[in-house]
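One structure is given here, and the rest of the page talks about it.
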Amino acid sequence: MTENELYTKSSMFGAGLGMGFGILLGAGTGALSASWSGVQFGAIAGVLLGAFTGALTGALTVRVGGDTGGVSTGAYTGMLFGAVLGGILGIFIPDSFRSGVAAFHVLVLDVLTQGRFETAVLLSFLTSCIATGVGAWVGGRNLKPRDLTKTTNHYNDIH
């Protein structure tokens with residue numbers, strides 16, 4: 001498989017996987033509002049953010065680990081990338097949205113949406129969760145098995 005095919009397959013798979021993780025995390029976060037519209041909005045936002053995060057994480061995992069990185073390389077790549085991406089996106093959430101969330105008067109949401117920093121930390125955590133799962137899965141999926149039956153004895157080469 002060529003490297004371009006690996007990028008494409010990993011990005012597409014990462015986007016789909018990210019949508020799955022995103023809908024779960026988004027609906028769970030939306031459930032904190034204790035309203036059906038909050039769950040729906042959270043799920044939709046999770047799907048969109050998950051697809052974006054998953055596609056980029058899949059491509060970045062191929063860039064960092066290729067076909068030799070494995071699960072750990074993908075997980076750590078996704079963890080770092082998701083935290084940075086979520087922090088950047090969280091900074092740009094408008095004040096009107098944060099005040100709309102604060103209108104629910106749910107203690108957890110009030111604390112997490114008081115300011116830009118709190119919102120950025122929440123979004124950073126959520127995207128890091130999505131990207132860690134996607135990175136681990138993509139890294140494990142791309143890992144080529146090695147033939148361990150072929151061993152070389154370097155001791156005999158030296159003596």
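By convention here, the first residue in the shown sequence is residue 1. Just so it is clear, the structure is predicted and the values come from calculations on it, not from any experiment.
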Measure the [atom1]-[atom2] distance between [X] and [Y] for me, rounded to the nearest 0.5 Å.
X      : Y      : atom1 : atom2 : answer
Ser124 : Ile91  : OG    : CD1   : 9.5 Å
Leu49  : Leu123 : CG    : CG    : 5.5 Å
Thr61  : Arg141 : OG1   : CZ    : 12.0 Å
Tyr7   : Asn142 : OH    : CG    : 10.5 Å
Leu85  : Thr53  : CG    : OG1   : 5.0 Å
Thr57  : Arg63  : OG1   : CZ    : 15.5 Å

Would you check if the distance from the ring center of Phe41 to the ring center of Phe97 is below 6.0 Å? yes

Please collect all salt bridge (Lys or Arg N to Asp or Glu O under 4.0 Å) contacts where either partner lies in residues 88-100, sequence neighbours excluded, each pair once.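 As it turns out, the salt bridge (Lys or Arg N to Asp or Glu O under 4.0 Å) pairs with a partner in residues 88-100, which skip direct neighbours, are Asp95-Arg98, Asp95-Arg116.
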
Are [X] and [Y] connected in the hydrophobic side-chain network, where two residues link if heavy atoms are under 4.5 Å apart?
X      : Y      : result
Tyr76  : Leu60  : no
Ile130 : Phe52  : yes
Phe81  : Met79  : no
Val134 : Phe125 : yes
Leu24  : Leu122 : no

Check whether any side-chain heavy atom of Trp137 sits under 4.5 Å from a side-chain heavy atom of Phe21, and report yes or no. yes

Heavy-atom pair with the smallest gap, counting every atom of [X] and [Y]:
X      : Y     : value
Ser128 : Ala83 : CB-N, 3.8 Å
Cys129 : Leu25 : CB-CD1, 3.7 Å
Ala131 : Gly82 : CB-CA, 3.7 Å

Does atom CZ (Phe13) have a neighbourhood of more than 12 heavy atoms from anything else shown, all under 6.0 Å? yes

Please enumerate all residues that pass side-chain hydrogen bond (donor to acceptor under 3.5 Å, both in side chains) together with Thr77, with sequence neighbours excluded. none

Are the side chain of Ser99 and the backbone of Ser96 linked by a donor-acceptor contact shorter than 3.5 Å?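 Checking the backbone N and O of Ser96 against the side chain of Ser99, a donor-acceptor pair under 3.5 Å is found.
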
Mark yes or no for whether Ser10, through its side chain, and Ala59, through its backbone, hold a donor-acceptor pair below 3.5 Å.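 Not confirmed, Ser10 side chain does not pair with Ala59 backbone.
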
